[in-house]
Amino acid sequence: MRVIVTGGAGFIGSAVVRHLIGKGYEVLTIDKLTYAGSLTSLAAVKDDPRHRFLKADICDRAAMQEAFETFKPDRVMHLAAESHVDRSITGARDFVETNVLGSFTLLEAARHYWNDLEQERKERFRFLHVSTDEVYGSLGDEGLFTEETPYDPSSPYSASKAASDHLAKAWARTYGLPVVVSNCSNNYGPYHFPEKLIPLVILNALHGKPLPVYGNGANVRDWLYVEDHARALDLIAERGRIGETYNVGGRNERRNIDVVTRICGLMDDLHPKAASHADLITYVTDRPGHDARYAIDATKLETELGWTAMETFESGIEKTVKWYLENEWWWGPLREGYDGRRLGLLAQTGAK
Ligand code: NAD
Ligand code: TYD
């Protein structure tokens, strides 16, 4: 099995690459290495002859076409994206370029490659478009996102992902490209860039810095350990039905304040200081357009493809805190480039 993984130097992509290499697949990672991408996240597969790396932008049609023609993949798992909501508020252009135009470019390169394949390989080929539950917008106190929930994105990030999901599905309907789409809830785990809530809070707690909680901390996210997501994506690419969407989530809803408090408790146990880390919790100005609640109904993935999450939030968050405490070699250089400062306030946009 020969798989192209775009965004493979990022958080989830690198977990996917490690998983596929572990299964004995041949993998070509394509990544532009933005601020969010790091070859150090691929250290575990660096010397594996089945892994190749191509530094390229998915918006570069010629580079994508050449990658398809030379590597000759059986599958594409498309994860390359600008992924941080706060950055999308102050700089949406990169999100539209990579997430919308980049996905379009990749779909076109895939379509031209796929069109020329012989029948058997053509039937085997899959393009997995990896997306987020944020395309569905915000839930109230009740209910879950299903695959039938209408799209209603709130942020420039989720709007750009929604656009790319529509393109991917249109390429299946119009051109017959064998596309499958996945929409997953919030991931956490090792190699997570420390601008996102969980790694930011772990490292700020370690360094005795304030732990910023947006608004009143009551917003709910549905957390999934990244390796559970990587297994789900492999399964969906392998057995998912063409043209279908699969929601991915681990049934682990938590309020943000409870996530932060749990991390503080683990830090108190694993890295004790004179005062509790919870003393560092600081309520700050809310995120503009902040979705109240996300929660995934993963019944289709569970019943049709037999997937279940292996980590609970309790087991996964403990693993994650321990990993950050033991792996400064990975996050140390990244924190030099991004020190945890607040991102995504309207005052930073220059908008009138
Ligand atoms: P990430 O920001 O950690 O990684 C994204 C990777 O894409 C980086 O390595 C970056 O260098 C690369 N990239 C960005 N622009 C590129 C371009 N133009 N060309 C080539 N490479 C480029 O993101 P992540 O959290 O690993 O998310 C991966 C995918 O999963 C995204 O599509 C995201 O929308 C989706 N997703 C993320 C979550 C989550 O909780 N993080 C949840 C559901 C879905
Ligand atoms: P984030 O990790 O940015 O993921 P997403 O916006 O994709 O859900 O944020 C998770 C939740 O945590 C979200 O409700 C915003 C909140 N948050 C904070 O309270 N403080 C922070 O410093 C950050 C980065 C996020």
Side-chain angles (χ1 to χ4, degrees), residues 5-16 29-39 41-42 54-60 63-64 77-89 94-95 97-99 101-103 105-106 129-135 138 154-155 157-158 160-161 164-165 182-189 191-201 204 210-224 226 229-230 233 247-249 254-257 259-260 281-287 289-294 296 340-344:
V5 179
T6 71
F11 167 48
I12 303 170
S14 67
V16 169
T29 296
I30 300 180
D31 200 294
K32 184 182 173 181
L33 297 180
T34 66
Y35 80 93
S38 173
L39 285 177
S41 303
L42 291 168
L54 172 66
K55 183 175 187 310
D57 189 328
I58 56 164
C59 298
D60 180 343
M64 292 308 106
M77 297 171 78
H78 172 38
L79 292 99
E82 287 293 336
S83 69
H84 190 34
V85 172
D86 288 333
R87 287 184 195 258
S88 81
I89 293 166
D94 286 349
F95 289 73
E97 280 175 1
T98 286
N99 300 0
L101 284 174
S103 296
T105 306
L106 196 70
H129 175 73
V130 178
S131 191
T132 166
D133 61 355
E134 302 193 24
V135 298
S138 186
S154 302
S155 70
Y157 163 66
S158 52
S160 68
K161 290 296 294 187
S164 65
D165 294 11
S182 64
N183 294 86
C184 186
S185 62
N186 285 63
N187 284 215
Y188 69 102
Y191 304 100
H192 202 184
F193 191 87
E195 64 188 351
K196 306 279 169 70
L197 177 70
I198 287 180
L200 181 86
V201 164
N204 277 14
L211 311 180
V213 173
Y214 297 174
N216 63 8
N219 301 64
V220 171
R221 297 292 181 264
D222 186 355
W223 295 97
L224 183 67
V226 65
H229 189 194
L233 293 178
N247 278 355
V248 189
R254 292 285 185 287
R255 295 187 312 159
N256 291 339
I257 186 61
V259 170
V260 175
I281 293 173
T282 309
Y283 290 92
V284 298
T285 310
D286 208 354
R287 169 187 281 172
H290 197 175
D291 286 331
R293 177 171 163 258
Y294 301 145
I296 281 276
R341 70 190 172 279
R342 178 75 196 265
L343 300 169

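What you see is a predicted model; the values in this text were computed from it and never measured. Order of appearance sets the numbers: ligands from 1, and atoms from 1 within every ligand. All residue numbers refer to positions in the sequence shown, counting from 1.
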Nearest-contact summary for [atom] - protein heavy atom, Å:
| atom | value |
| --- | --- |
| atom 22 (O) of ligand 2 | L200 CD2, 3.2 Å |
| atom 9 (O) of ligand 1 | D31 OD2, 2.6 Å |
| atom 20 (N) of ligand 2 | P212 O, 2.8 Å |
| atom 13 (C) of ligand 2 | H290 NE2, 3.5 Å |
| atom 25 (C) of ligand 2 | Y214 CE1, 3.6 Å |

Specify side chain, backbone, both or neither for [X], according to which of its non-hydrogen atoms lie closer than 4.0 Å to ligand 2.
| X | result |
| --- | --- |
| N256 | side chain |
| V201 | neither |
| T132 | neither |

Taking a cutoff of less than 4.0 Å between a non-hydrogen atom of the residue and any ligand atom, is [X] in contact with ligand 1?
| X | result |
| --- | --- |
| G102 | no |
| V130 | yes |
| S185 | yes |
| Y157 | yes |
| S131 | yes |

Give the atom numbers and elements of ligand 1 that come within less than 4.0 Å of a heavy atom of [X].
| X | answer |
| --- | --- |
| S83 | 1 (P), 2 (O), 23 (O) |
| C184 | 42 (C), 43 (C) |
| G37 | 8 (C), 9 (O), 11 (O) |

Would you check whether [X] has a nitrogen or oxygen atom less than 3.5 angstrom from a nitrogen or oxygen atom of ligand 1?
| X | value |
| --- | --- |
| K196 | no |
| S38 | no |
| L79 | yes |

Would you please determine whether R342 falls within less than 4.0 Å of ligand 2 on a heavy-atom basis?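 No, R342 has no heavy atom closer than 4.0 Å to ligand 2.
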Numbered atoms and elements of ligand 2 in range of E134, under 4.0 angstrom, heavy atoms: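 Those qualifying, in numeric order: 5 (P), 7 (O), 8 (O).
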Hey, what's the ring geometry for Y214 with H290, parallel, tilted or perpendicular (30° and 60° as the breaks)?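 Taking H290 first and then Y214, their aromatic rings stand perpendicular (interplane angle over 60°).
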Quick test of your reading of the structure: of D133, N204, L197, V220, whose heavy atom lies closest to atom 2 (O) of ligand 2?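 Looking at heavy atoms only, the winner is L197.
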Relative to atom 4 (O) of ligand 2, which among V260, N216, N186 owns the nearest non-hydrogen atom?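 The residue whose heavy atom sits nearest atom 4 (O) of ligand 2 is N186.
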